[in-house]
Participant: 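Just passing along the structure, written as structure tokens.
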Amino acid sequence: MSYREGSVVAYFLQQLVNGVTLGSVYGLIALGYTMVYGIIGMINFAHGEIYMIGAFVAVIGFTLFAGVPLVLALLLVLILATLVTGFYGWTLERVAYRPLRGSFRLAPLIAAIGMSIFLQNYVQLAQGARIKPVPPKIEGGLTLLVQEGFAARVSYLQICILLLTLLLMAALTWMIHGTSFGRQQRACEQDKVMAALLGVNVDRTISMTFVTGAILAAVAGVLVTLYYGVVDFFIGFLAGVKAFTAAVLGGIGSIPGAMVGGLLIGLIEAFWAGYFSTEWKDVAAFSILVIVLIFRPSGIFGRPEVEKV
Amino acid sequence: MSEAVPSLSAPPLLKVEHLSMRFGGLLAVDDVSFHAQDGEITAIIGPNGAGKTTVFNCLTGFYRPTSGRCALRHRDGSEVLLERYESYQISRRGRVARTFQNVRLFPRMTVLENLLVAQHKMLMRASWWTVGGIFNLPGYRRASAYAVERACHYLELVELLPRADDEAGELPYGAQRRLEIARAICADPVLLCLDEPAAGLNPSESNELRELLRKLREDEKIGILLIEHDMSVVMGISDHIVVLDHGSKIAEGVPQAVAANPRVIAAYLGEEESDEEATGNGASGGAKGNGASNGATSGGATGSGASNEATDKGVES
Amino acid sequence: MSDSASQSAGASGASPTGASPAGGMRSGGGGERQVLSAFPPLDIPAIIRELAFTTLIASALVFPLLTLRTVDSVEGLYIESRWMVSFMAVALVVAGRLGLILLRYGKMIYAAVGGVVAILAAFFLPVPSLFEVILVAGGAILALRALVDLFLVVRQISPSARAEFRDRGGVWVRRVLPWAAGLAVVFAIVLPFMPFSSRYLIDVGVLILTYVLLGWGLNIIVGYAGLLDLGYVAFYAVGAYSYALLAYYFDFSFWICLPLAGLLSASFGLLLGFPVLRLRGDYFAIVTLGFGEIIRLILINWFRFTNGPDGISSIPRPSFFGIAEFARKPKSDLPSFHETFGLAFSSEHRLIFLYYLVLVLAALVAAFTLRVRNLPLGRAWEALREDDVASASLGISRTSIKLAAFGISATWGGIAGSFFATRQGFISPESFTFIESAIILSIVVLGGMGSLTGIACAAVLLIGLPEVFRELVEYRMVTFGGGLVLIMIWRPRGLLSFREPSIRLLDRRGRLRFAVAGRGVGESLCAGATGGATGDTTSGATSDTTSGATSEATSGTTGGVGR
């Protein structure tokens with residue numbers, strides 16, 4: 001922070017880069033919340049754990065493919081992580097949500113909390129409670145601006161994260177608007193009964209929505225493993241809350257909203273940590289969550305709800 | 001209908017003036033004005049989407065109208081403006097009670113408890129906002145016995161006294177409808193708003209309902225405002241009918257006059273066909289279409305030639 | 001894991017078609033079959049497909065995470081593989097699925113035999129302890145289900161007769177429950193003086209009762225008002241820290257702090273509740289979670305005031321109602337307990353005192369809750385839970401009624417918290433994590449929202465059992481999580497979810513409990529008013545003036561009663 005006086009622009013730029021990187025990861029996780037909320041109107045409380053599982057599979061994968069060339073290892077890990085978390089997402093829906101459609105209002109949320117606790121402790125039992133370190137895989141970067149001895153840098157890893165996020169966003173947009181699954185998914189969001197009458201397999205569409213969300217979370221998990229280099233069984237909770245905040249901030253149910261919300265949360269966190277204090281940054285995240293839910297629960301892109309009588 | 005004549009000279013119980021309600025770009029209620037008299041049944045009718053329930057929601061505090069005024073005269077002569085209240089203030093300050101289109105009981109509470117919840121404000125005061133109630137002070141005991149007494153009276157009126165200790169959700173549908181009405185009266189209103197009380201009832205239940213409403217008008221001396229699709233209920237017992245279409249009022253008057261009004265026939269019965277088509281599509285229950293055609297026939301039975309013709313038209317086309 | 005996967009098997013088993021949107025729905029009660037005699041014909045290829053699918057899913061869930069354990073070493077991570085455990089887990093899941101398939105096709109005898117084999121396998125095969133428990137429990141459930149089904153088929157009991165049977169069982173449980181609860185209370189009172197009682201047992205008793213207290217406190221929000229509070233631990237923390245800090249900074253005694261902690265916690269609850277209570281159910285849950293975490297993070301980060309993550313130690317222990325101290329040589333000017341009462345010194349005295357203290361606190365909460373439930377406030381809570389729109393239309397102010405629930409619940413949480421602080425003598429933010437909230441919530445949800453007896457039972461199960469089976473203690477949270485899911489699927493209202501009406505017109509023997517046999521009987525109670533209210537005096541008259549006067553009389557009396 002001592003750089004700040006002489007290197008205002010560079011310091012700001014560095015926070016911006018960090019914020020955008022972090023934000024795109026939160027955005028990827030937030031997409032899962034928002035898609036699930038859009039289709040069944042429920043909060044997938046266990047989504048954070050899905051992301052955590054993605055990160056753990058990445059740790060296992062990188063250890064397993066330690067001798068393989070980097071690009072291939074990366075590809076293999078991504079495939080493995082998305083595959084495994086996809087199954088977890090599918091099972092989550094099958095166990096905690098599908099049997100509870102039509103049960104009382106809070107039942108799925110309670111079941112999802114149960115799943116969240118279950119998965120967290122399952123991973124703890126299976127993999128141990130210790131923090132798992134992963135040595136940095138992608139090193140080096142570009143220097144953007146040097147000012148008074150402070151260099152604002154963007155690492156190759158950050159570029160990778162941004163590019164991959166953009167790619168996934170484009171793929172998701174295409175999937176929602178250009179494929180028959182996307183059409184079915186949008187139909188189910190509007191009216192499940194009518195969609196079923198028109199021959200849409202509603203159950204499968206909901207399952208696939210969970211799987212899609214899980215895959216995005218898995219990618220986020222892999223990226224975070226590379227970015228921070230440490231993973232433990234508890235990361236899902238905090239990341240989940242932050243990503244959920246992002247989804248709500250953007251307007252839950254809205255896909256561009258989740259991405260924008262994720263970026264905002266990432267930027268807020270980065271700037272808070274950069275200019276105020278790192279200790280209170282989680283307080284900031286939770287405070288934003290509370291404030292947004294209280295004062296603007298419809299978020300940036302959502303429409304306010306009218307009470308139905 | 002002869003009773004209605006003297007009360008017309010009295011100031012109206014409810015004055016709705018230039019009421020409008022806008023949802024985004026949709027003008028659901030457009031400059032509607034009408035009056036309702038004390039001790040009378042006023043019906044609001046109109047095809048689906050005419051804005052009837054929206055008017056109700058404005059009257060009962062669930063929506064805040066975009067513009068307009070709803071003034072209710074209390075027994076002591078004071079006037080209250082209903083649109084100023086939140087939904088929960090309507091019952092106590094506005095003294096308006098309502099039922100809902102899709103029955104909204106407290107299904108896991110017993111029938112008796114449902115009626116005691118309706119007397120919440122009185123009991124709450126008597127229990128000194130729970131402080132006195134905890135120690136079961138005599139004042140609360142008396143109030144509680146009185147509340148049970150009142151509840152039993154209305155249960156008897158709606159013929160549910162034997163089921164007082166059963167869960168409300170276990171009652172058959174018709175009984176749930178009656179219980180909801182009893183619960184609303186238990187809240188001690190001067191204006192009772194019933195949102196499609198006959199929806200989903202079979203003809204004999206709907207007859208019973210008509211009797212019940214008549215009895216309420218006689219015994220309770222309160223104004224009743226009624227939204228209804230079932231014309232047989234409306235024509236038989238209403239003193240005054242207001243017809244809405246596309247959010248605005250198209251006719252108003254005594255049942256015969258309304259039934260003879262060509263605009264009503266054109267709008268309401270003309271609309272009815274498309275309503276039935278929609279029903280044929282399998283969207284929302286057949287009850288409505290069924291009720292309406294039922295009503296049109298019985299409108300003819302009251303001797304109004306116009307609605308007879310209308311029935312024929314409906315059948316032909 | 002096998003837990004969850006076998007559940008998934010169960011869920012998909014319920015909807016073999018899976019095409020209709022309602023296909024997966026189950027109406028609680030353990031998936032009863034409508035027509036018992038008409039089992040589907042055995043379809044071997046379909047079964048094999050199903051089993052293969054289960055194997056695939058279970059393998060995908062189990063192998064990557066369970067088999068390949070990453071282990072730290074000097075050179076970094078390396079992988080330790082545990083194929084045996086994973087194979088067993090998958091086998092367990094597939095076996096569970098097979099059992100359900102057998103039941104579905106009406107092969108009860110095979111299923112029963114399978115269940116017994118599972119139990120035997122648990123005893124004779126060298127499997128880890130968790131698997132043993134799952135094998136025994138799963139096998140027993142499978143065998144029982146099979147035998148019940150077999151009994152029903154053999155005796156040709158129709159579904160309706162079954163329902164009646166179940167109803168009768170429910171009535172019986174309801175009748176027995178108050179007696180059982182009474183017995184449990186008596187047992188709790190005499191426990192410290194029983195011959196088998198020990199220091200450890202009383203300690204566990206105190207722990208369980210603390211959670212009973214917390215569960216009953218949370219029950220007011222979750223069970224009665226129907227709001228899912230995921231941050232209840234915040235009130236617990238506020239209570240604990242209030243006592244610790246008041247004692248630290250101002251030297252206040254426990255007996256002053258206990259009500260103060262309750263009050264502080266309540267005002268805190270009202271403060272938080274005010275903006276939050278307008279929110280919809282799931283948002284409310286998340287916001288309370290957020291508040292709970294914010295409180296914890298503040299406790300961690302506000303180092304100067306709360307001593308941060310290190311916590312506060314040497315919190316004073318309670319005195320014997322300000323008369324005597326439990327220490328052998330009291331530091332304060334109070335005499336010591338054993339000398340005052342002429343007993344030999346024993347460190348158990350304080351423990352027994354704490355035990356009775358928490359027992360009395362719990363009794364207080366129970367008495368309060370049971371009483372309030374029968375008051376308009378309690379009924380308004382339940383009405384809001386059932387239908388808040390209808391409640392509003394009847395004059396119930398949603399905000400103030402929910403706020404009352406929040407405040408009262410917070411009070412009990414705060415009192416439990418300061419008890420916790422004085423019992424432990426040490427508190428730190430570690431004790432107030434989300435997991436703690438989740439444990440309290442599981443107790444309420446498992447026991448049956450709104451049922452005090454059920455919640456007490458659940459506290460004994462969830463807190464007591466892990467203490468008894470120490471070797472399984474590391475599986476506690478996994479079981480909690482899995483348990484929450486299973487309870488939501490099988491008995492969403494909790495184990496004991498009978499709702500006793502807050503008021504009855506007729507008592508159990510069918511006698512009237514109120515003098516309301518017919519019209520006007522209660523006239524002596526509220527002279528003059530009932531005539532108007534019942535309306536039988538005015539049934540003939542129709543003029544407006546009469547009606548106005550009657551109504552005034554009614555409302556006048558209403559007001560009068562109110563005063």
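Residue numbers start from 1 in every chain, and the chains themselves are labelled A, B, ... in the order their sequence lines are given, proteins ahead of strands. What you are looking at is a predicted structure, and each value in this text was computed from that prediction instead of being measured. Scope of the values below: all heavy atoms of this structure, side chains included, with no hydrogens, waters or symmetry mates.
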Participant: Atom CG in A/L238, atom CZ in C/F434: separation rounded to 0.5 Å?
Facilitator: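 A/L238 CG to C/F434 CZ: 12.5 Å, rounded to 0.5 Å.
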Participant: Counting heavy-atom pairs under 4.5 Å to chain C, which of A/G128, A/P133, A/A126 comes out on top?
Facilitator: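 Ranked by contacts with chain C, first place is A/A126.
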Participant: At what distance, to the nearest 0.5 angstrom, does CZ of C/R69 lie from OG1 of A/T63?
Facilitator: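 Going from CZ on C/R69 over to OG1 on A/T63, the span is 13.0 Å.
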Participant: Mark yes or no for whether A/Y88, through its side chain, and C/L61, through its backbone, hold a donor-acceptor pair below 3.5 Å.
Facilitator: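 Flag set: sc A/Y88 to bb C/L61 pair under 3.5 Å.
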Participant: Tell me, for A/F62 versus chain C, whether the close heavy atoms (under 4.5 Å) come from the side chain, the backbone, both or neither.
Facilitator: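 Neither; nothing under 4.5 Å.
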Participant: At a heavy-atom separation under 4.5 Å, does C/R476 approach chain A through its side chain, its backbone, both, or neither?
Facilitator: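 Nothing of C/R476, per the 4.5 Å heavy-atom cut-off to chain A.
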Participant: A side-chain contact here means heavy atoms from C-beta on lying under 4.5 Å apart; do A/I53 and C/P64 qualify?
Facilitator: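 SC-SC contact between A/I53 and C/P64 ruled out.
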Participant: So, the side chain of C/E293 versus the backbone of A/F286: is there a donor-acceptor pair under 3.5 Å, distance only?
Facilitator: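 Side chain of C/E293 to backbone of A/F286, a donor-acceptor pair under 3.5 Å: no, none is there.
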Participant: Heavy-atom distances under 4.5 Å only: say whether C/L279 touches chain A with side chain, backbone, both or neither.
Facilitator: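 Contact with chain A involves the side chain of C/L279 alone.
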Participant: Below 4.5 Å from any heavy atom of chain A, which atoms of C/Y78 appear? Answer side chain, backbone, both or neither.
Facilitator: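 Looking at C/Y78, just its backbone touches chain A.
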Participant: Between the side chain of A/R130 and the main-chain N/O of C/V71, is any donor-acceptor distance below 3.5 Å?
Facilitator: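 No, A/R130 side chain to C/V71 backbone: no donor-acceptor pair under 3.5 Å.
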Participant: Got a sec: does the CZ of C/F274 have more than 12 other heavy atoms crowding it under 6.0 Å?
Facilitator: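 Counting neighbours around CZ of C/F274, 12 or fewer heavy atoms of other residues, nucleotides or ligands fall under 6.0 Å, so no.
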Participant: Do you know which of A/L109, A/L106, A/V241 has the most heavy-atom pairs with chain C at a distance under 4.5 angstrom?
Facilitator: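 Looking at each of A/L109, A/L106, A/V241 in turn, A/L106 comes out on top.
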Participant: How about C/D282 and A/M42: do any of their side-chain heavy atoms sit closer than 4.5 Å?
Facilitator: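 Side chain of C/D282 against side chain of A/M42, heavy atoms only: no contact under 4.5 Å found.
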Participant: Any non-hydrogen side-chain atom of C/E474 less than 4.5 Å from a side-chain atom of A/L125?
Facilitator: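 Yes, close enough: below the 4.5 Å cut-off.
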Participant: Rounded to the nearest 0.5 Å, how far does CZ of A/F104 lie from CZ of C/R493?
Facilitator: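 If we round to the nearest 0.5 Å, C/R493:CZ and A/F104:CZ are 5.5 Å apart.
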Participant: Any heavy-atom pair between the side chains of C/I298 and A/W280 that's under 4.5 Å?
Facilitator: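 Result yes, sub-4.5 Å side-chain heavy-atom pair found.
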Participant: Counting only heavy atoms closer than 4.5 Å, note whether C/A285 contacts chain A via side chain, backbone, both or neither.
Facilitator: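 For C/A285, the contact with chain A is made by the side chain alone.
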Participant: Under 4.5 Å between any side-chain heavy atoms of C/I294 and A/S287, yes or no?
Facilitator: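 Yes, their side chains come closer than 4.5 Å.
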Participant: NZ/A/K281 to CG/C/L297 distance, rounded to the nearest 0.5 angstrom?
Facilitator: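 Going from the NZ atom of A/K281 to the CG atom of C/L297 covers 11.0 Å.
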Participant: Show, in sequence, the C-alpha distance, side-chain angles and deciding distance for C/I57 and A/F87, and conclude whether the side chain to side chain contact (heavy atoms under 4.5 Å, CB included) test is met.
Facilitator: CA-CA 7 Å; C/I57 296 284; A/F87 275 111; 3.6 Å; yes
Participant: Tell me, do C/V478 and A/Q120 make a side-chain contact under 4.5 Å, heavy atoms counted?
Facilitator: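 Side chain of C/V478 against side chain of A/Q120, heavy atoms only: no contact under 4.5 Å found.
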Participant: Among the options A/V123, A/I110, A/I206, pick out the one with the most heavy-atom pairs lying under 4.5 Å from chain C.
Facilitator: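 Ranked by heavy-atom pairs under 4.5 Å with chain C, first place is A/I110.
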Participant: Would you say C/L289 and A/F237 make side-chain contact, with heavy atoms under 4.5 Å?
Facilitator: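 Yes, close enough: below the 4.5 Å cut-off.
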Participant: If I take atom CG from residue C/L484 and atom CE from residue A/M115, how far apart are they, to the nearest 0.5 angstrom?
Facilitator: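 If we round to the nearest 0.5 Å, C/L484:CG and A/M115:CE are 11.5 Å apart.
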Participant: When you measure from the side chain of A/Q127 to the backbone N and O of C/T70, does any donor-acceptor pair fall under 3.5 Å?
Facilitator: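 Judged by distance alone, yes, a pair lies under 3.5 Å.
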Participant: Please classify the contact between C/I435 and chain A as side chain, backbone, both or neither, with a heavy-atom cut-off of under 4.5 Å.
Facilitator: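 Side chain of C/I435 only, per the 4.5 Å heavy-atom cut-off to chain A.
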Participant: Measure the shortest side-chain to side-chain distance between C/I286 and A/F45 over non-hydrogen atoms and say whether it is less than 4.5 angstrom.
Facilitator: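 Yes; the side chains approach each other to less than 4.5 Å.
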Participant: What's the shortest heavy-atom distance between C/V485 and A/G114, and which atoms?
Facilitator: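 Distance-wise, the nearest heavy atoms are CG2-C, 3.8 Å.
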Participant: Rounded to the nearest 0.5 Å, how far does CG of A/L289 lie from OH of C/Y283?
Facilitator: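 Atom-to-atom, C/Y283:OH and A/L289:CG are 10.0 Å apart.
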Participant: Check each atom of C/R296 against the heavy atoms of chain A and say whether the ones under 4.5 Å are side chain, backbone, both or neither.
Facilitator: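 Looking at C/R296, nothing touches chain A.
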Participant: Decide yes or no on side chain to side chain contact (heavy atoms under 4.5 Å, CB included) for A/Y122 and C/L65, but give the supporting numbers first.
Facilitator: CA-CA 9 Å; A/Y122 163 64; C/L65 280 175; 4.0 Å; yes
Participant: For A/P135, which atoms come within 4.5 Å of any heavy atom of chain C: side chain, backbone, both, or neither?
Facilitator: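 Answer is neither: A/P135 stays 4.5 Å or more from chain C.
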Participant: Given the options A/L293, A/V134, A/V292, A/I252, which has more heavy-atom pairs under 4.5 Å with chain C than any of the others?
Facilitator: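 Maximum pair count with chain C is reached by A/L293.
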Participant: Working note: A/W90 + C/F53, criterion ring pair (Phe, Tyr, Trp, His ring centres under 6.0 Å); need CA distance, chi angles, decisive distance, verdict.
Facilitator: CA-CA 13 Å; A/W90 185 88; C/F53 190 63; 5.6 Å; yes
Participant: Measuring heavy-atom distances to chain A, does C/V445 have an atom under 4.5 Å in its side chain, in its backbone, in both, or in neither?
Facilitator: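 Just its side chain gets close to chain A.
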Participant: What do you reckon, is CD1 of A/I131 surrounded by more than 12 foreign heavy atoms closer than 6.0 Å?
Facilitator: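 No, CD1 of A/I131 has 12 or fewer neighbouring heavy atoms, counting only those of other groups under 6.0 Å.
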